[in-house]
**Q** 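Got a structure for you, written out below as structure tokens; questions coming shortly.
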Amino acid sequence: MRIVLVGPPGAGKGTQAHLLAKTLSIPHISTGDLFRANIGQGTPLGLEAKGYMDAGRLVPDEVTIGMAKDRMLQSDAANGFLLDGFPRNLGQAKALDEFLAEQGIKLDGVLDLEVPEDEVVKRIAGRRLCRNNGSHVFHVAYNPPKAEGVCDECGGELFQRSDDTEEAVRVRLEEYHSKTEPIIGYYQDQGLLVTIPALGTVDEVTARAIEALKQDS
Ligand code: ADP
């Protein structure tokens, strides 16, 4: 299966992508995680991305599209993948379509996680990520780790993202409305879009997502 996950920052894309990818036995490809890994390793790509990310802005397409394609060409993605955070604007959506056409493959569905804006802000403020694996995501109130500051899944140290500040979150929401939301209509026109409410417990949302994807394919 080849799936794209969309939704505002804080919608729970990372959390859901991790669980869905496990259930569907496909790799979880998160451009945010790929950027953070590059930043952690101090690569030129990471250095370029960091300024944009900390400000809450999108990283330029020239950098992002190449990185996403490289990842999709790795052998573990040959039979499917779940894209989280890519595409994030119409240019990226069109580049993805061209790439898929070149490879002779198609998307099976686009899952849109719908969350009210005040909830998004609450989720981001309490979010904590694992240093070892960006898809191990916790929330201090909604999904607390068993031991404070320690990842339940791998024992890694939990941290707060540098772009989870109030100012960066405001910019990220603006970027989402102006640049990312248009791809929802783009995929709706292709008959690929399924929208689910992303409120409720993590497991409830995962179950809803699996059900919606089954009906769609
Ligand atoms: P969230 O979905 O919570 O905003 P991500 O981890 O997906 O978080 O992304 C964090 C940041 O990484 C974005 O605000 C942006 O700066 C950058 N980024 C991630 N994916 C893309 C993309 N497809 N295009 C441009 N920038 C991106």
Side-chain angles (χ1 to χ4, degrees), residues 3-18 20-21 28-40 43 45-72 81-99 107 110-115 117 119-131 133-139 142-143 158-184 186-187 198 205:
I3 301 163
V4 167
L5 204 57
V6 276
K13 292 190 298 291
T15 303
Q16 291 304 328
H18 176 59
L20 287 171
H28 166 204
I29 301 182
S30 156
T31 40
D33 286 350
L34 291 172
F35 284 133
R36 280 184 286 276
N38 274 279
I39 292 171
T43 69
L45 189 148
L47 287 178
E48 181 164 2
K50 186 167 171 38
Y52 294 99
M53 289 177 75
D54 284 349
R57 313 216 74 92
L58 295 189
V59 179
D61 286 354
E62 307 85 78
V63 180
T64 309
I65 292 169
M67 181 184 74
K69 281 189 193 172
D70 284 349
R71 180 63 189 87
M72 287 185 281
F81 46 73
L82 192 141
L83 292 178
D84 160 14
F86 182 85
R88 236 179 169 99
N89 60 28
L90 278 177
Q92 294 180 9
K94 287 176 186 160
L96 175 62
D97 275 351
E98 276 166 30
F99 170 81
L107 290 178
V110 175
L111 186 68
D112 171 27
L113 300 181
E114 215 171 42
V115 192
E117 200 142 310
E119 177 68 16
V120 154
V121 173
K122 277 191 241 160
R123 287 185 183 187
I124 292 178
R127 166 155 75 180
R128 298 292 181 272
L129 296 191
C130 172
R131 287 226 185 264
N133 184 334
S135 55
H136 299 163
V137 189
F138 298 85
H139 188 284
Y142 304 150
N143 178 27
L158 299 183
F159 74 104
Q160 184 163 28
R161 272 171 44 174
S162 55
D163 62 345
D164 278 354
T165 60
E166 210 181 307
E167 174 61 13
V169 169
R170 196 181 54 73
V171 178
R172 279 158 66 200
L173 282 168
E174 273 168 27
E175 292 275 87
Y176 181 74
H177 292 311
S178 62
K179 299 189 178 142
T180 308
E181 262 176 2
I183 73 171
I184 293 178
Y186 177 81
Y187 285 128
V205 178

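All heavy atoms count here, side chains included; hydrogens, waters and symmetry mates do not. Ligands are counted one by one from 1 in listed order, and the atoms in each one are counted from 1 as well.
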**Q** Distance only, no hydrogens: is a donor on one side chain within 3.5 Å (strictly under) of an acceptor on the other, for His28 and Gln16?
**A**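 No pair is found: no donor N or O on one side chain lies under 3.5 Å from an acceptor on the other.
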
**Q** Is the shortest side-chain N to carboxylate O distance from Arg36 to Asp33 below 4.0 Å?
**A**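 Salt bridge flag = yes for Asp33 with Arg36.
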
**Q** Just checking, Arg131 and Phe159: is the charged tip under 6.0 Å from the six-membered ring centre and within 45° of the axis?
**A** yes

**Q** Which protein residues have a heavy atom closer than 4.0 Å to any atom of ligand 1, listed by chain and number?
**A** Pro9, Gly10, Lys13, Thr31, Gly32, Phe35, Arg36, Met53, Arg57, Leu58, Val59, Thr64, Gly85, Phe86, Arg88, Gln92, Arg127, Arg161, Asp163, Arg172

**Q** Could you grab the distance from atom OG1 of Thr180 to atom CG of Leu58, nearest 0.5 Å is fine?
**A**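 CG of Leu58 is found 5.5 Å from OG1 of Thr180.
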
**Q** Any luck finding a side-chain donor-acceptor pair between Asp97 and Tyr186 under 3.5 Å?
**A** yes

**Q** Going by the rule side-chain contact (heavy atoms from CB on, under 4.5 Å), which residues pair with Lys122 if we only count those two or more places apart in sequence or in a different chain?
**A**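 In terms of side-chain contact (heavy atoms from CB on, under 4.5 Å), with neighbours along the sequence ignored, Lys122 is linked to Glu119, Tyr142.
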
